[in-house]
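Report on the following structure.
All chains are named by letter (A, B, ...) in the order of the sequence lines, taking the proteins before the strands, and each is independently numbered beginning at 1.
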Amino acid sequence: MKPSIPKGTRDFTPEQVAKRNYIFETIREVFIKYGYQPIETSAMENLATLTGKYGTEGDKLLFKVLNNGDFLAKADKEALAALDSAKAVKSLAKRGLRYDLTVPFARFVVMHRNDITFPFKRYQIQPVWRADRPQKGRYQEFYQCDVDVVGSNSLMYEAELVLIYDEVFTRLNIPVTIKYNNRKILEGIAEVAGISEQFVEMTTSIDKLDKIGMEGVRTDMENRGISTDAIDKIAGILSIGSIDEMRPLLSSSDAGRKGIEELEEMSQYLGTATAHNTVQFDCTLARGLSYYTGCIFEVTADNVKMGSIGGGGRYDDLTGTFGMKDVSGVGVSFGAERIYDVMQELDLFPKSDKSALKVLLIAYDKDSHHYAFSVTIKLREAGINADLYPTPTKIQKQMKYANARKVPFTIHIGGNEMERGKLTLKDMNTGVQSSLSLEEIINQLGDH
RNA sequence: GUGGGUAUAGCUCAGUUGGUUAGAGCGCUGGAUUGUGGUUCCAGAGGUCGCCGGUUCAACUCCGGUUACUCACCCCA
């Protein structure tokens, strides 16, 4: 059969894995430095845990895991006869693949509440699955790097998460803009415009601003049934750039005032820190229809045309659906796949790879091949990534292999080397060869 | 869910208004080369032209269907 992989999935070559690990490790190091602890959850969740958490659209994108055994015997015969897939699936699949890391985390918190000390700071770097139509920068299996803290209302954490964004992208050498807003400010805008009941329509529309422009948003809001009066008011407020100018316009709204208060407190915490990237207030930032209730964040790469490479915010009642009330959380996510694409485009990956092979040994005959193997063992004991070509075949062929492996050094061992007890070390970049003892070679390669 | 595009060698792709034995580059294998690679030269292996049907004397080529992949929209990371 012709080999293939499911749509929206990918294989990764050794080179790609090295680059991806570089991103994951950088993110992980920063998370740990800020006091976050790792958790992991199973790829599969009970379907009931997942359904209803992502809206009707999200439910359609859940991967279901078919029940084992004679699953048809226990299936909902009526639903099957009626060809009602949505109804029948409940009796066919009791498990599904996780859609994001936030809902499994909420479940985790509730289930382990007795073992957790709050505020609980956790990070999680794992793949998630969505049965979406794949396209550029969008896959059915992709990694999320989430960092959240639950069990505290302190706006210190909002500031901390901004600093985490700043540090990660500084370390990765990606210039970014970190935008923030507050859901309560958007609520305030809706209230002032007199369309509180159309809040969801308004935010969905505003979220598209950078894509379709203000005129596009106006017509989109019209199509969603928002009055032109309200649209004028909303457009007027959105054109404002600073929190100070916004304050008087939202003074009549409780939510609006609270939102501004929260942003100011976050700014105070941030005030003492120096960010390397642009951190700016953007009242047009809306972030879809998710569960966010307070501050929201979004990160975009400067100089590259790409969707957001990170986002997150405050959610007041994430664990509520699992029966644990009044637990506030705030968190952000890093889009590892898109970060990879950005770094690839800007050529930001480090050239040297510590995990790559350092030296390949080449033997000229059977005797020296055995000798070379013992040298290989000694090099490995000295902590040097070393490999020996499996047979003492034609040198040309062995050198070709060395090139393919992109190894920076080769060690040649034949009768001459064995007699003199000195090995021939070749620098593959310069072509320079030198006759050295094993100790000298270990010293030289160990330094690099 | 809606709408485009593509499908030919392991990979990237050519293939003339339909015409007889379907090509190139890269890669692979062997050789030129008895202790030295990235360059060069020679030779070789490798294809039911995605699948099914239709039109035609004749289909990789035209038409219909189908499947897969892909891009964009919706939504999202």
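- There is no side-chain donor-acceptor pair under 3.5 Å between A:Asp59 and A:Thr56.
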Might you list the N or O atoms of the protein lying below 3.5 Å from N or O atoms in nucleotides 68-72 of chain B, with each pair's distance?
residue : atom : partner  : partner atom : Å
B:C69   : OP1  : A:Lys7   : N            : 3.0
B:A72   : OP2  : A:Gln135 : OE1          : 3.4
B:A72   : OP2  : A:Lys136 : N            : 3.0

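- The aromatic rings of A:Phe297 and A:Tyr165 sit perpendicular, their planes meeting at an angle over 60°, well past the 30° parallel limit.
- Among the heavy atoms of the strands lying under 4.0 Å from A:Gly431 is at least one base atom, whether or not backbone atoms are also near.
- In summary, A:Arg10 and A:Glu337 engage in a salt bridge, as defined by a charged side-chain N under 4.0 Å from a carboxylate O.
- Here A:Gly415 lies in heavy-atom contact (under 4.0 Å) with a base.
- Atom name C1', nucleotides B:C51 and B:U67: the rounded distance is 7 Å, in whole Å.
- In this structure, A:Leu360 places its CG atom 13 Å from C1' of B:U36, rounding to the nearest Å.
- Between A:Phe334 and A:Phe31, the gap from one ring centroid to the other is short of 6.0 Å.
- One donor-acceptor pair, N or O on each side, does fall under 3.5 Å between the base of B:G35 and the side chain of A:Glu417.
- Picking from B:G35, B:A32, B:C75 the nucleotide with the shortest atom distance to the side chain of A:Gln396 gives B:A32.
- B:U40 is paired with B:A32 under the Watson-Crick or G-U wobble criterion, all donor-acceptor distances under 3.5 Å.
- Under the 3.5 Å distance criterion, with hydrogens and angles disregarded, a donor-acceptor pair is assigned to the side chains of A:Thr13 and A:Gln16.
- One finds no salt bridge joining A:Glu187 and A:Lys184 here, because no Lys/Arg side-chain nitrogen approaches an Asp/Glu carboxylate oxygen to under 4.0 Å.
- Heavy atoms of A:Tyr139 sit under 4.0 angstrom from at least one base atom.
- No donor-acceptor contact under 3.5 Å links the side chain of A:Gln398 to the base of B:U36.
- In the set B:C75, B:A77, B:U36, the nucleotide with an atom closest to the side chain of A:Lys208 is B:C75.
- Looking at A:Lys394, its side chain has no donor and acceptor atom pair within 3.5 Å of the base of B:U33.
- By the criterion of a centre-to-centre distance under 5.5 Å and near-parallel planes under 30°, the ring of A:Phe142 forms a stack with the base of B:A77.
- Nucleotides B:G53 and B:G10, compared at atom C1', are 31 Å apart to the nearest Å.
- The partner of B:A58 cannot be assigned: no Watson-Crick or G-U wobble pair with both contacts below 3.5 Å exists in any strand.
- Using a cutoff of 4.0 Å between basic side-chain nitrogens and carboxylate oxygens, A:Arg405 and A:Asp387 are scored as salt-bridged.
- The CE-P distance, from A:Met428 to B:U36, rounds to 14 Å in whole Å.
- Taking a pair to require two hydrogen-bonding distances under 3.5 Å in either a Watson-Crick or a G-U wobble arrangement, B:G1 pairs with B:C73.
- Distance check on atom C1': B:U56 versus B:U17 gives 15 Å, rounded to whole Å.
- Annotation: B:G37 and B:A45 have their C1' atoms spaced 25 Å apart (nearest Å).
- The neighbour count for A:Met214 CE, taken as heavy atoms of other residues, nucleotides or ligands under 6.0 Å away, is above 12.
- In this structure B:A68 sits in a base pair with B:U6, meeting the Watson-Crick or G-U test at under 3.5 Å.
- Distance CZ (A:Arg10) to P (B:A77): 16 Å, rounded to an integer number of Å.
- Comparing the same atom, C1', in B:A7 and in B:G50 gives a spacing of 6 Å after rounding to whole Å.
- Enclosure of atom CD in A:Gln433 by more than 12 non-hydrogen atoms of other residues, nucleotides or ligands within 6.0 angstrom is indicated.
- As rounded to the nearest Å, B:U12 and B:U70 have C1' atoms that lie 16 Å from one another.
- In the set B:A77, B:G38, B:U36, the nucleotide with an atom closest to the side chain of A:Asn403 is B:G38.
- Of all nucleotides present, only B:C13 satisfies the Watson-Crick or G-U wobble test against B:G23, with each distance under 3.5 Å.
- The side chain of A:Ser308 lies closest to B:A77 when the candidates are B:A77, B:C75, B:U36.
- Residue A:Asn416 is classed as a base contact, given a heavy-atom separation below 4.0 Å to a base.
- Atom NZ of A:Lys426 and atom P of B:G38 are 10 Å apart (whole Å).
- Nucleotide B:G18 forms a pair with no other nucleotide shown, judged by Watson-Crick or G-U wobble geometry with both contacts under 3.5 Å.
- Taking the nucleotide of RNA chain B with the nearest heavy atom to each of A:Tyr99 and A:Thr430, the more 5' of the two is matched to A:Thr430.
- Straight-line distance between the C1' atoms of B:A32 and B:U21: roughly 31 Å, to the nearest whole Å.
- For the pair A:Lys397 NZ and B:G31 P, the interatomic distance rounds to 9 Å; values are reported in whole Å.
- Mapping A:Lys60 and A:Ile309 onto RNA chain B by nearest heavy atom places A:Lys60 at the nucleotide closer to the 5' end.
- We find that CG of A:Leu425 is positioned 14 Å from C1' of B:U36, with the value rounded to whole Å.
- A:Lys33 and A:Glu29 are not joined by a salt bridge, as no carboxylate oxygen comes within less than 4.0 angstrom of a charged side-chain nitrogen.
- With both ends at atom C1', the span from B:G46 to B:C26 equals 14 Å, rounded to whole Å.
- The interatomic distance linking A:His412 (NE2) with B:G35 (P) rounds to 13 Å, in whole Å.
- Taking atom CG of residue A:Leu61 and atom P of nucleotide B:A77, one finds them 12 Å apart after rounding to whole Å.
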